[in-house]
Q: 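Pasting in a structure now, in structure tokens, and then I'll have a few things to ask.
What you see is a predicted model, and the numbers here were worked out from it, not measured in a lab.
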Amino acid sequence: MSDPNTGNLTPHAYAASHPPLPDGPKMSTVETLTSIFFEPGRTFDSLRAHPRFLAAAAITAVLTCVFTFVFFQRAGYENVMRAAIENSPRGDRMTHEQKEQAIGFYVNPAVKAAFYLSPLIGVLMVYAAGSALYLLGVMLMGRSITYFQALSVWAYSSFAPNLLTILVSFILLFLKSKEELETMQPGRSLARANLGILVDPKATPVLAAVLGSFDIFTFYGLFLAALGLRQVARLSSGAAWGIVLGLWLVGIIFKVALAAVTGTVI
């Protein structure tokens with residue numbers, strides 16, 4: 001309320017109407033990108049006060065597009081598409097003419113360009129949707145967070161595992177033979193550090209979808225996301241892990257449902 005003598009806001013009323021700005025260490029973009037690996041807690045403290053996401057998102061998108069380009073160049077775009085059609089659940093029921101027609105569709109210049117650029121579109125969509133889900137999760141926990149803060153948590157918690165996955169995939173790309181690469185699913189990481197390697201995804205797609213979700217890189221990202229939400233939104237550890245694990249379980253359900261309907265494991 002205002003002071004009756006001066007008409008000015010009392011200190012208490014001013015503090016209530018002007019909440020303090022989030023505080024945290026100020027870090028450069030380069031420092032933020034490197035510290036997420038070694039000092040993730042300090043990094044998220046900085047992102048709480050100075051949310052940023054462009055650098056992490058841009059690096060992830062560009063490296064993913066570069067990997068996709070190199071993969072198709074090394075394995076052969078048409079060879080990969082032909083193998084994908086042959087190994088698809090419908091492949092055994094397709095005639096030779098139907099397969100050639102499908103291959104003709106995928107080698108169309110417009111469709112080919114879309115495949116090369118699909119990682120960029122995918123990164124943008126995942127970042128936008130994931131950040132919105134983090135924002136909703138924090139609100140359901142009774143806390144507040146801005147969309148850009150949620151976006152910074154998503155961008156940097158996924159940046160570290162994505163970068164490691166891409167680097168390992170690049171190494172494997174040049175260790176595997178061309179014949180092995182041709183049978184790889186387009187757009188799928190070569191760094192499979194999960195239990196999905198124990199089963200044949202074509203024979204048991206649902207089981208492969210479940211086991212593939214128990215991935216070392218995924219768990220690293222879950223840890224960073226829970227830490228980020230705890231630091232940025234000032235959540236308890238249990239609440240932060242509840243949001244992260246809840247979204248992870250929803251993702252598993254989606255993968256299992258897709259595998260059951262289409263026989264495709266993502």
Side-chain angles (χ1 to χ4, degrees), residues 33-34 36-38 40 55-89 91 99 103 106-107 111-123 126 155-224 248 251-252 255 258-259 263-266:
L33 292 169
T34 55
I36 191 64
F37 292 95
F38 310 108
I59 292 173
T60 301
V62 169
L63 286 180
T64 306
C65 285
V66 170
F67 173 78
T68 301
F69 177 80
V70 177
F71 172 79
F72 280 133
Q73 290 297 111
R74 178 159 168 71
Y77 177 84
E78 184 173 340
N79 295 335
V80 173
M81 293 302 162
R82 185 177 296 276
I85 293 171
E86 292 285 351
N87 296 325
S88 68
K99 292 178 182 178
I103 293 170
Y106 284 115
V107 298
V111 176
K112 187 175 181 180
F115 258 96
Y116 276 91
L117 294 176
S118 59
L120 175 60
I121 300 172
V123 167
V126 169
Y156 278 88
S157 64
S158 61
F159 171 73
N162 282 342
L163 183 61
L164 293 176
T165 301
I166 293 171
L167 292 178
V168 173
S169 294
F170 264 115
I171 294 173
L172 294 175
L173 183 60
F174 292 97
L175 292 179
K176 292 182 177 292
S177 66
K178 183 178 179 181
E179 289 72 22
E180 288 179 290
L181 294 175
E182 289 177 0
T183 61
M184 297 290 179
Q185 183 176 333
R188 192 172 186 181
S189 170
L190 300 184
R192 299 182 61 195
N194 57 65
L195 299 178
I197 61 176
L198 301 176
V199 298
D200 180 4
K202 185 178 180 181
T204 56
V206 172
L207 182 59
V210 174
L211 295 179
S213 300
F214 292 85
D215 183 272
I216 293 176
F217 295 111
T218 298
F219 291 149
Y220 180 33
L222 294 177
F223 162 75
L224 289 177
W248 177 63
I252 293 178
K255 291 179 182 179
L258 183 66
T264 301
V265 180
I266 59 174

Q: Please round to the nearest 0.5 Å and tell me the distance separating atom CD1 of Ile36 and atom OG of Ser157.
A: 7.5 Å
Q: Just checking Phe69: does its CZ atom have more than 12 heavy atoms from other residues, nucleotides or ligands closer to it than 6.0 angstrom?
A: no
Q: Would you mind reporting whether Met81 and Phe115 have side-chain heavy atoms less than 4.5 Å apart?
A: yes
Q: Got a donor-acceptor contact below 3.5 angstrom from the Thr218 side chain to the Phe214 backbone?
A: no
Q: Taking all atoms of both residues into account, what is the closest heavy-atom pair of Ala56 and Phe159, and its distance?
A: O-CD1, 3.8 Å
Q: Let me confirm one number: the OG1-CG distance from Thr64 to Leu163, rounded to the nearest 0.5 Å.
A: 9.5 Å
Q: As an exercise, state the distance from CG of Leu224 to OH of Tyr156, rounded to the nearest 0.5 Å.
A: 13.0 Å
Q: Arg74 and Lys176: which non-hydrogen atoms are nearest, and at how many Å?
A: NH2-O, 2.8 Å
Q: For Val123 versus Ala57, what's the shortest heavy-atom pair and its separation?
A: CG1-O, 4.2 Å
Q: If you round to the nearest 0.5 Å, how far is CZ of Phe174 from OG of Ser169?
A: 12.0 Å
Q: Shortest non-hydrogen contact from Ile166 to Thr60?
A: CD1-O, 4.2 Å
Q: Quick check: are there more than 12 heavy atoms from other residues, nucleotides or ligands sitting under 6.0 Å from CG of Leu167?
A: yes
Q: What's the verdict on side chain to side chain contact (heavy atoms under 4.5 Å, CB included) for Tyr220 and Asp215, showing C-alpha distance, side-chain angles and the deciding distance?
A: CA-CA 9 Å; Tyr220 180 33; Asp215 183 272; over 6 Å; no
Q: Under 3.5 Å, side chain of Tyr77 to main-chain N/O of Tyr106, donor-acceptor pair present?
A: yes
Q: Considering all heavy atoms of both residues, which atom of Ala209 and which atom of Lys255 are nearest to each other, and what is their separation?
A: CB-O, 3.9 Å
Q: Can you give me the closest heavy-atom contact between Phe170 and Leu63, atom names plus distance?
A: CE1-O, 4.3 Å
